[in-house]
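For the single chain, residues carry numbers from 1 onward in sequence order.
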Amino acid sequence: MKLFVSDGNPHCVKVLAVLEFTGVKCDVKHVNHEERVVPYLSRPALPALLLPSGTYLFSPNSICQYLIEVNGQESSDIVNQWLEWEATELQPAVMQALHMVVLQGKGAQTTRVLQGPLSYLDQSLSKRTTLFLTAEMVSVADVVLWAALYPILSDSSLVSGNQTELQHWFERVGMLAACGSAAQTALHGKGLKAESLKTYLQRQPSTHHGQGQVQGRGSQPCNSPEGDDDGDCVLSEEEIQSFAVTWGKGLADLPMVPERQHPILPVEGKRNVLVTSALPYVNNVPHLGNIIGCVLSADVFARYGRLRGWNVLYVCGTDEYGTATENKAREEGLTAQQICDKYHAVHASIYQWFQVDFDFFGRTTTKKQTEIAQNIFWRLHERGFLLEDIVEQLRCEACQRFLADRFVEGTCPYCSYPEARGDQCDKCGKLINAVELREPTCKVCSQTPVVQSSKHLFLDLPKLEAELEQWLEKSTGSGDWTANAKQITRSWVRDGLKPRCITRDLKWGTPVPHPDFSDKVFYVWFDAPIGYLSITANYTDQWEMWWKNPQQVELYNFMAKDNVPFHSVVFPCSLLGAQDNYTLVNHLVATEYLNYEDTKFSKSRGVGVFGDMAKDTGIPSDVWRFYLLYLRPEGQDSAFSWVDMATKNNSELLNNLGNFINRAGMFVSKFFESYVPAMDLQQEDKRLLAQVGWELKQYMNLMDRVKIRDALKCILNISRHGNQYIQVNEPWKKIKGDETDRQRSGTVTGVSVNVACLLSVMLQPYMPTVSQTICQQLNAPPTVTGTMLQGTGNFVCSLPAGHHIGTVSPLFQKLEAEQIESLKKRFGGQQPKTAAQTDVNAQPAPSPASHPAAQTAVNGADAERARELTLAVAEQGEKVLVGNDVSLTCCLLSTRERRS
């Protein structure tokens, strides 16, 4: 075995300590931070352990656990729990604190970042009767946690005097020779003062604690990115000069970002990125939480990838099979296909208005879906991965069908609540099997259903478990999986996989091709993810170049957390079992939930803003995009608030971002006849260039890792720096002074308008219309994007002296208190139905053309027709699960309830 470590990397302290603690024989090789040790990763990952088999481990905790096993020890459950807590809770807080102390010089502000995890650890230690975390003897959990905390707790100025148990424990563990040796090797025994630590941190994205943070039911959601500081970085004179040199290089002689040519196919030698967002169920009009959790987040990342020059394909579509569609069709007097046609057009119109730039927006009710789903089914069947079993279900004789859980209601067998659902009691919260309900009734006709047995097919997940775990180790270790995605997946696998039913007693669905099950269709959880493949197949007949090409394609899945197990366990098992070289997810990006004010979105109660309503508020779609992305629930639940939206619009967009860009452009127009003036850089100007260049690099690091909300903060930081720069230098006054003052005014104006040009590039994934407007106003060169976002980011002079800009005008408008109060009342309670909404016999939209060439990016949906159809959408009676964290099982049941 060979262990690769780098100087100054705090993660290396723990693996070096555990290596010596266990006594495992292993070669240790020191490499630089930028060395790509693991050949199949797109970026450096250290520490890394090369195993005798030739495979690599590159998760520090995975390396530690492997070393324990090699030493013949077994990790207890309590040790594993501490290691998981360290990875998901402690480590993000420690890394943010290190950035604040070492790079930003804000040691005094680390208390709020570290207080939660350190207090938890201190309290846990105080409750124990043993000297160490798990026993009287030190364990690997003690070593790993000590190593994580070493850079912080070795500095007495950062230690709270109240956390005495923590301090005593830290001192006891630190007496181990293994710990002292590791700290000396990785950080030269200097902790925070190690120069190599600063060098390492400067090459990492700025971190904001919250990823992996678990919010209790009593906690308030957070509407602001964690750490509301200005993100300043302490830069050396050499670093400032380096940024100034980069600025002076100007625009590179690069081609502009090429126009997309369809069909987009993987290209040898390029980074081929396949982006999907969870398929929205056709029967539901998406609310703001649905939009930010899936399609909008994926859109931002896909737009960014295209700007970076990656070969990106972004596909999505409506999930159209299942019980809910059948019932909606019955309610509106239409066929199931007509309902799907109608609501598919509504979805397409909503996403068009939000400027979601799909390469293709399809649907699951297609021949390709049937062909591909049935092919995967037969391959699973032939390889022995399917089982038969008998399932007891409730059947309504009046409706002549088996009832999905969402269509059964009765008395809870545990607390006697009379309106318990077929899967869970809302009063006591206990999970329920529908056949356990007392006095069950069919919610469609109110008749009493009967219990009947039915034979079904199951996917044998236990048989695929070993192969799944091997794949998960590689994918979660090398990919950008969000903390909640990892946690939920680990919980599923740790609890042991069980066979999952893949068939349903319905008519509306993909038919099961097996002759013994010809009266059944595939269960939505098995069928719907295959929609990604079939939608791509409807886009191009060369779809297998994307979906059967794991060597060349990186797959990003975007979703809300309740969909994680289907994408991380169940769907991968289906593809692994099919044994057809399918592309599996490399990066699973899951959000938490978005609430509406202090409650949940509900179409039936008129609470919350749904996609078909946003455009009627008079607020531009770019502002909606900005606010949703600003409070994107990346690490914990967040809540939409009208007052907060107005505050962010008026402060961040109008007074900060818009004010800076408008002032920079107006100074050029008013003082220099619309020509960028000559710039004679002073040290103050170079310092601004360095601050802006550093923020650009942080932006790209964060976006590369799909930290979309935190990357947005970098944009706002830049405009704040720009506003401060203008205020200090007062170019409007200096233009009236002597030659030296006028020249200084020109330099400040020229630098400012170049910063504005950079902002237009960085804003493009977030606010595409605003970005385009800025580019037009500044007459920005077409090659500016390729240059700025090349490599790790290059802030260069893109508008040189003599460049002629266009007409400058304000970008944003103020949201007035009266307007916001009116909107808050409008979307805060029961709304009267319009005449159009009560017309259940509205005609459906025609089916879209079947040939890809005849389809637009949204499958040919006509915007005007979709607008008319939107008015005909009846209230959605289903409540969407949002809000506080729920148990994993509840998440899964809510998904099944929504989509079965």
Side-chain angles (χ1 to χ4, degrees), residues 281 319 321-326 364 369-370 373-374 376-396 401-408 421-424 431-437 440 449 451-465 468 492-493 495-531 562-578 888-900:
Y281 193 64
D319 174 12
Y321 284 130
T323 309
T325 300
E326 289 183 338
T364 57
Q369 175 74 10
T370 302
Q374 291 183 349
I376 291 173
F377 165 82
W378 279 123
R379 293 185 70 90
L380 290 167
H381 186 273
E382 291 162 3
R383 287 156 181 78
F385 293 120
L386 298 182
L387 304 171
E388 293 184 12
D389 203 355
I390 301 297
V391 177
E392 285 193 334
Q393 296 174 271
L394 291 178
R395 177 179 172 83
C396 179
R401 62 177 181 162
F402 288 95
L403 297 177
D405 293 340
R406 58 174 290 177
F407 292 106
V408 183
R421 301 195 313 265
D423 61 350
Q424 185 181 18
L431 304 180
I432 301 170
N433 188 328
V435 297
E436 298 173 341
L437 286 172
V451 177
Q452 281 193 11
S453 298
S454 179
K455 186 170 69 172
H456 284 275
L457 286 165
F458 289 72
L459 178 62
D460 193 351
L461 292 179
K463 200 170 183 179
L464 290 157
E465 190 165 354
L468 174 74
W492 256 58
V493 175
D495 295 341
L497 301 182
K498 299 175 180 61
R500 299 280 299 182
C501 186
I502 68 168
T503 54
R504 292 285 276 168
D505 291 296
L506 296 173
K507 297 299 182 184
W508 185 243
T510 301
V512 179
H514 195 291
D516 294 345
F517 298 87
S518 58
D519 60 336
K520 303 184 191 302
V521 298
F522 288 127
Y523 207 162
V524 68
W525 68 257
F526 174 80
D527 184 59
I530 297 172
D562 57 347
N563 261 323
V564 166
F566 302 107
H567 290 78
S568 66
V569 176
V570 180
F571 186 43
C573 278
S574 298
L575 298 183
L576 288 169
L888 170 65
T889 308
C890 293
C891 289
L892 300 181
L893 288 171
S894 71
T895 304
R896 182 184 65 192
E897 180 191 59
R898 280 185 292 136
R899 305 176 67 192
S900 61

What one should report as the nearest heavy-atom pair of Lys498 and Leu461 is O-CD1, 3.3 Å
Does some side-chain heavy atom of Thr323 sit less than 4.5 Å from a side-chain heavy atom of Val524? no
Are Leu457 and Phe377 packed together at the side-chain level, in the sense that at least one heavy-atom pair is separated by less than 4.5 angstrom? yes
Closest approach of Ala528 to Asp319 (non-hydrogen atoms, all atoms of both residues): CB-OD2, 3.6 Å
Rounding to 0.5 Å, atoms CD (Glu388) and OG1 (Thr503) come to a distance of 9.5 Å
Gln393-His456 side chain donor-acceptor pair, cut-off 3.5 Å: yes
I'd like to check Trp508 versus Tyr321 (side-chain heavy atoms, cut-off strictly below 4.5 Å). Are they in contact? yes
Are Arg504 and Phe526 side-chain neighbours, meaning at least one heavy-atom pair lies under 4.5 Å? no
Nearest non-hydrogen partners of Leu506 and Glu326, listed with the distance: CD2-OE1, 3.9 Å
Give me the atom names and distance for the closest heavy-atom approach of Leu459 to Cys573. CD2-CB, 4.4 Å
Looking at CG of Leu468 and OG of Ser568, how far apart are the two atoms once the value is rounded to the nearest 0.5 Å? 7.5 Å
What class does the angle between the rings of Trp378 and His514 fall in, given that below 30° is parallel, 30 to 60° is tilted and above 60° is perpendicular? parallel
Heavy-atom side-chain contact between Gln374 and Phe522 under 4.5 Å: yes
Minimal non-hydrogen separation, Pro499 against Leu387, with atom names: CG-CD1, 4.0 Å
Please step through side-chain contact (heavy atoms from CB on, under 4.5 Å) for the pair Cys396 and Leu394, ending with a clear verdict. CA-CA 7 Å; Cys396 179; Leu394 291 178; over 6 Å; no
To the nearest 0.5 Å, how far apart are OH in Tyr523 and OG1 in Thr510? 15.0 Å
Test Arg401 against Asp505 for side-chain contact (heavy atoms from CB on, under 4.5 Å), laying out the working first. CA-CA 7 Å; Arg401 62 177 181 162; Asp505 291 296; over 6 Å; no
Flag the pair Ile376 / Leu380 as yes when at least one side-chain heavy-atom distance between them is below 4.5 Å, and no otherwise. yes
So do Ser454 and Arg395 actually touch side chain to side chain, heavy atoms under 4.5 Å? no
Evaluate Phe566 against Arg500 for side-chain contact (heavy atoms from CB on, under 4.5 Å), listing each step before the verdict. CA-CA 11 Å; Phe566 302 107; Arg500 299 280 299 182; 4.0 Å; yes
Going from CG on Leu464 to CG on Leu576, what distance comes out if it is rounded to the nearest 0.5 angstrom? 7.0 Å
Please name the pair of heavy atoms, one in Gly422 and one in Leu437, separated by the smallest distance, quoted to 0.1 Å. CA-CD1, 3.9 Å
Tell me, do Ile502 and Leu386 make a side-chain contact under 4.5 Å, heavy atoms counted? yes
Lys455 atom NZ, over 12 foreign heavy atoms within 6.0 Å: yes
